[in-house]
Undergrad: 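The structure's right below; bear with me while I get my questions together.
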Amino acid sequence: MQLSEQELLRRENLQKLREMGIDPYPAEAVEVTAYAREVQEGFNDEGGEPQNFQQVRLAGRLMGSRVMGKASFAELQDGSGRIQLYIARDEICPGEDKELYNTVFKKLLDIGDFIGVEGFAFRTRMGEITIHVRELKLLSKSLHPLPVVKRDEEGNVYDAFTDPEQRYRQRYVDLTVNPHVKEIFLKRSKLISAMRRFFDGRGWLEVETPALQPVHGGAAARPFKTFHNTLEIPLYLRIANELYLKRLVVGGFEGVYEIGKMFRNEGMDRTHNPEFTSMEIYVAYKDYNWMMGMVEQLVEYVAQEVTGHTKVEYEGKMIDFAGPYRRLSMYDAIQEYTGTDISGMDESALRSLCRQLGIAVDDSMGKGKLIDEIFGEKVEEHLIQPTYIIDYPIEMTPLAKKHRSKPGLVERFELFVNGKEIANAYSELNDPLDQRQRLEDQLRLAERGDFEAMAMDEDFLRSLEYGMPPTSGLGIGIDRLTMLLTDQHSIQEVLFFPQMRPQRGSIYEPEKKQEEGSE
RNA sequence: GAGCCCGUAGCUCAGCCGGCUAGAGCACUUGACUUUUAAUCAAGGGGUCCUGGGUUCGAGUCCCAGCGGGCUCACCA
């Protein structure tokens, strides 16, 4: 490995520290008594007399220094933010030996090193709250030069670390130097905890179901396939957990939810990562009408908790998450945006309508798929404010209950925001014979060439035969909801480690890497 | 999968129509400076110009192939 000049220098500094008897990676715990933000926000020096933080210990990364001879200013960044340090030579080196200041601090410490300081807070002549350092200790040496991002008084950023490839591959660097990036992930975490709070508060149970499944079901998507060596069977990474959660409802849990990773072996783009996080919830004795009310409360609550508001700006558009949301049937929505009533049309009429509207179709598309195409092409983009689209054609929804009064439809809704689906829910199909029939229809679609059609799951059918109470279920894409609430336009910006092609030389050659039995 | 764009110092970028030893700011090194803040001042070091071919007297620049990334579209929740 070729080291750059700066990397070599840091390794030399490391060596010199060791020669001076300073352990660059000491083992002891550090007793931190204050955080940067806490001091910045809470420091009180009314009347010119410092009132608090007069004996504090902080730890963090050294992010910059301005040396002025026998005194220096430096930036310390901890988990909460940044604070300035004031380091005077004769303060940290009270005796004759000025090595700690002259050599260790000025020469051997580098930007990015973790240090611990002890001292007191004061306000400089320029008005900046600062820690006057009395003791300084190296906690961990950094061997790689960190990009130095500078900001001036107007907040202009210079030399930002912006290359998406490097930011995603070295997210640790991105998080260290780009505070706004950290903010997005804090919000993501808040979103998930708010959602948990909301569900737990209603007495629903968080559960975990298998990610490795012998039959991939519950959604229309292509799976990742793997192999279990002991069982000697192929397994699939789950594309959905719906069928397992329903088994739990069969077993008597009346409200269950799971927040977890799903895996889909499909294309990647701005809104798709091969693994993503979904929240699914099933509540017994409820229907999709009830669920629409619940989702309004949930989304409004989450938006409030994450952003502090129910109105959120996305791509320059103000989106209001306060309920109730507009409810529009799929047929009415298509009529509204195309002027055509498709409620009575059969497959061939729909196919010719698609051609008329300039939508590409092929023979593998059934009635449901054709309607979905029209909707996706002509309606979706108009649904900016939160809108429920309800009552979908039965052909495209094999796991939802038939509509109580509208033949040919199922009790399903999707929530659209800014032209994108963010939630999907049904009155769940609990008629085992109907369910068997629908899955058999899926098999026929598969034979027609639709390789995303669902597979038969006999154990799931058996569970329904034991009896599942009337139940409503909901799925929400956590990544996409996070994007909406943080005004991010790429899924990569809300995933710590989005999937990337491996860098050359960063992994073993495929032959060596290939484990026995995997494919 | 297709089209377009990008890849030059640790970071952000310039480098014209192919032509001197490949540049700038920050970062880094040396020196000065005890309340600075994009600290300042002086001097200095640092390059696999993504990789491999080709054209040419001469390639960072032009051509071909590949690798990686971004955007758009397609596919897809």
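All chains are named by letter (A, B, ...) in the order of the sequence lines, taking the proteins before the strands, and each is independently numbered beginning at 1. Every value quoted in this text rests on a predicted model; they were computed, and no experiment measured them.
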Undergrad: Pick from Arg188(A), Lys420(A), Arg270(A), Lys261(A): which one makes a salt bridge (Lys or Arg N to Asp or Glu O under 4.0 Å) with Asp479(A)?
TA: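 Of Arg188(A), Lys420(A), Arg270(A), Lys261(A), salt bridge (Lys or Arg N to Asp or Glu O under 4.0 Å) with Asp479(A) is met by Arg188(A) alone.
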Undergrad: Looking at Arg264(A), does any N or O in its side chain come under 4.0 Å of the phosphate oxygens OP1/OP2 on C76(B)?
TA: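 Checking Arg264(A) against C76(B): no side-chain N or O falls below 4.0 Å of OP1 or OP2.
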Undergrad: Please compare Asp90(A) and Asp159(A) by the position of their nearest nucleotide in RNA chain B and report the one closer to 5'.
TA: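 Nearest nucleotide further toward 5': that of Asp159(A).
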Undergrad: Just the rounded figure in Å: distance from P of U34(B) to CD of Gln84(A).
TA: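 It is 17 Å, rounded to the nearest whole Å.
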Undergrad: Taking the side chain of Thr162(A) as heavy atoms from C-beta outward, which of U12(B), U29(B), U36(B) is closest to it?
TA: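 In terms of side-chain proximity for Thr162(A), the closest of U12(B), U29(B), U36(B) is U12(B).
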Undergrad: To the side chain of Ala88(A), which of U35(B), G10(B), U34(B) is closest?
TA: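 Of U35(B), G10(B), U34(B), U34(B) is nearest to the side chain of Ala88(A).
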Undergrad: Give Glu128(A) one of three labels, base, sugar-phosphate or nothing, depending on what nucleic acid heavy atoms sit under 4.0 Å from its own.
TA: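 It contacts base atoms.
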Undergrad: For a quick check of understanding: with a heavy-atom distance under 4.0 Å over all strands, which category does Ser72(A) fall into, base, sugar-phosphate or nothing?
TA: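 No contact.
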Undergrad: Considering every strand and a 4.0 Å limit on heavy-atom distances, what is the contact class for Asn156(A): base, sugar-phosphate, or nothing?
TA: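 No contact.
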Undergrad: If you pin Asp163(A) and Glu5(A) to their nearest nucleotides in RNA chain B, which one's is more 5'?
TA: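 The residue whose closest nucleotide sits nearer the 5' end is Asp163(A).
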Undergrad: Using every non-hydrogen atom in the two residues, find where Asn273(A) and Glu275(A) come nearest and quote the distance to one decimal.
TA: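 The answer is ND2-O, 2.9 Å.
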Undergrad: Between C76(B), U35(B), U34(B), which nucleotide has the shortest distance from any of its atoms to the side chain of Phe73(A)?
TA: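 Selected nucleotide (nearest to the side chain): U35(B).
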Undergrad: Side chain of Arg125(A) only, please: which of U36(B), C26(B), C33(B) is the nearest?
TA: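 Looking only at heavy atoms from C-beta outward on Arg125(A), the closest nucleotide is U36(B).
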Undergrad: What is the distance, rounded to the nearest whole Å, between atom NZ of Lys106(A) and atom P of U29(B)?
TA: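 In whole Å, U29(B) P and Lys106(A) NZ are 12 Å from each other.
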Undergrad: Verify whether the ring centers belonging to Phe413(A) and Tyr325(A) lie closer than 6.0 Å.
TA: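 Centroid distance Phe413(A)-Tyr325(A): not below 6.0 Å, so no.
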Undergrad: How is Phe122(A) classified with respect to the nucleic acid when contacts are heavy atoms under 4.0 Å: base, sugar-phosphate, or nothing?
TA: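 Phe122(A): base contact, heavy atoms under 4.0 Å.
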Undergrad: Taking any heavy-atom pair under 4.0 Å as a contact, classify Phe161(A): base, sugar-phosphate, or nothing.
TA: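 Contact class for Phe161(A): sugar-phosphate only.
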Undergrad: Does Lys150(A) have a side-chain nitrogen or oxygen under 4.0 Å from the phosphate oxygens OP1 or OP2 of G25(B)?
TA: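 Lys150(A) to G25(B) OP1/OP2: no side-chain N or O under 4.0 Å.
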Undergrad: For C41(B), which nucleotide in any strand shown is its Watson-Crick or wobble partner with both distances under 3.5 Å?
TA: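 Pairing partner: G31(B).
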Undergrad: If you look at every strand shown and take non-hydrogen atoms under 4.0 Å, does Arg270(A) touch a base, only sugar-phosphate, or nothing?
TA: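 Since only primed, P, OP1 and OP2 atoms lie under 4.0 Å of Arg270(A), the category is sugar-phosphate.
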Undergrad: Donor-acceptor pair under 3.5 Å: do we get one between Tyr86(A)'s side chain and the base of U36(B)?
TA: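 Donor-acceptor pair under 3.5 Å: no.
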Undergrad: For residues Phe276(A) and Arg264(A), report the shortest heavy-atom separation together with the two atoms involved.
TA: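 Closest pair (atom of Phe276(A), atom of Arg264(A), distance): CZ-NE, 3.6 Å.
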Undergrad: Counting only Watson-Crick or G-U wobble pairs whose two distances fall under 3.5 Å, which nucleotide matches C4(B)?
TA: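 With both distances under 3.5 Å, C4(B) matches G70(B).
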Undergrad: Identify whether any heavy atom of Met268(A) sits under 4.0 Å from a base atom; if not, whether one sits that close to sugar-phosphate; answer base, sugar-phosphate or nothing.
TA: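 It contacts nothing in the nucleic acid.
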Undergrad: For the residue pair Tyr86(A) and Phe73(A), does the interplanar ring angle fall in the parallel (under 30°), tilted (30 to 60°) or perpendicular (over 60°) class?
TA: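 If you compare the ring of Tyr86(A) with that of Phe73(A), the planes turn out tilted.
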Undergrad: Using Watson-Crick or G-U wobble geometry with both distances under 3.5 Å, which nucleotide pairs with G58(B)?
TA: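 Checking every strand shown, G58(B) finds no partner, since no pair has both distances under 3.5 Å.
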Undergrad: Kindly say if Gln6(A) contacts the phosphate of C11(B), meaning a side-chain N or O under 4.0 Å from OP1 or OP2.
TA: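 Answer is no, no contact under 4.0 Å.
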Undergrad: Would you check if Tyr158(A) stacks with the base of G25(B), given a 5.5 Å centroid limit and a 30° plane limit, both strict?
TA: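 Taking the rule of under 5.5 Å and under 30°, the ring of Tyr158(A) does not stack on G25(B).
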Undergrad: Return the nucleotide paired to A65(B): Watson-Crick means purine N1 to pyrimidine N3 with N6-O4 or O6-N4, wobble means G-U with N1-O2 and O6-N3, both under 3.5 Å.
TA: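 Answer to the pairing question: U51(B), which forms a Watson-Crick or G-U pair with A65(B).
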Undergrad: Just checking Asp269(A): base, sugar-phosphate only, or nothing, at a heavy-atom cut-off of under 4.0 Å?
TA: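 Base contact - Asp269(A) has a heavy atom under 4.0 Å of at least one base atom.
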Undergrad: With sugar-phosphate meaning primed atoms plus P, OP1 and OP2, does Arg151(A) contact a base, only sugar-phosphate, or nothing at under 4.0 Å between heavy atoms?
TA: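 Sugar-phosphate contact only - Arg151(A) comes under 4.0 Å of backbone atoms but never of a base.
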Undergrad: Across all strands, who's sitting opposite C26(B) as a Watson-Crick or G-U wobble pair, both distances under 3.5 Å?
TA: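 Here C26(B) is engaged in a pair, and the nucleotide opposite it is G10(B).
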Undergrad: Would you call Lys141(A) and Asp110(A) a salt bridge, using N to O less than 4.0 angstrom?
TA: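 Answer for the salt bridge query: yes.
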Undergrad: For Glu380(A), which contact category applies under a 4.0 Å heavy-atom criterion: base, sugar-phosphate, or nothing?
TA: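 Since a base atom lies under 4.0 Å of Glu380(A), the category is base.
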Undergrad: What does Val149(A) touch in the nucleic acid at a heavy-atom separation under 4.0 angstrom: a base, only the sugar-phosphate, or nothing?
TA: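 Contact class for Val149(A): none.
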Undergrad: When you measure from the side chain of Gln166(A), which nucleotide among U36(B), U12(B), G31(B) comes out closest?
TA: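 Out of U36(B), U12(B), G31(B), the nucleotide with an atom closest to Gln166(A)'s side chain is U12(B).
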Undergrad: Taking the side chain of Met68(A) as its heavy atoms from C-beta onward, which of C33(B), G31(B), U37(B) lies nearest to it?
TA: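 Closest nucleotide among those given: C33(B).
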Undergrad: Under 4.0 Å between any heavy atoms, over every strand shown, what does Arg169(A) touch: base, sugar-phosphate, or nothing? Just pick one.
TA: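 Counting heavy atoms under 4.0 Å across all strands, the contact made by Arg169(A) is with sugar-phosphate only.
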Undergrad: If every non-hydrogen atom of Gln84(A) is compared with every non-hydrogen atom of Thr124(A), which pair is closest and at what distance?
TA: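 Smallest heavy-atom distance, with atoms named: NE2-CG2, 3.8 Å.
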Undergrad: May I ask you to say what Arg66(A) touches in the nucleic acid, namely base, sugar-phosphate or nothing, with a heavy-atom cut-off under 4.0 Å?
TA: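 Base, at least one base heavy atom under 4.0 Å.
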Undergrad: Is Lys107(A) touching bases, backbone alone, or none of the nucleic acid, heavy atoms closer than 4.0 Å?
TA: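 Contact class for Lys107(A): sugar-phosphate only.
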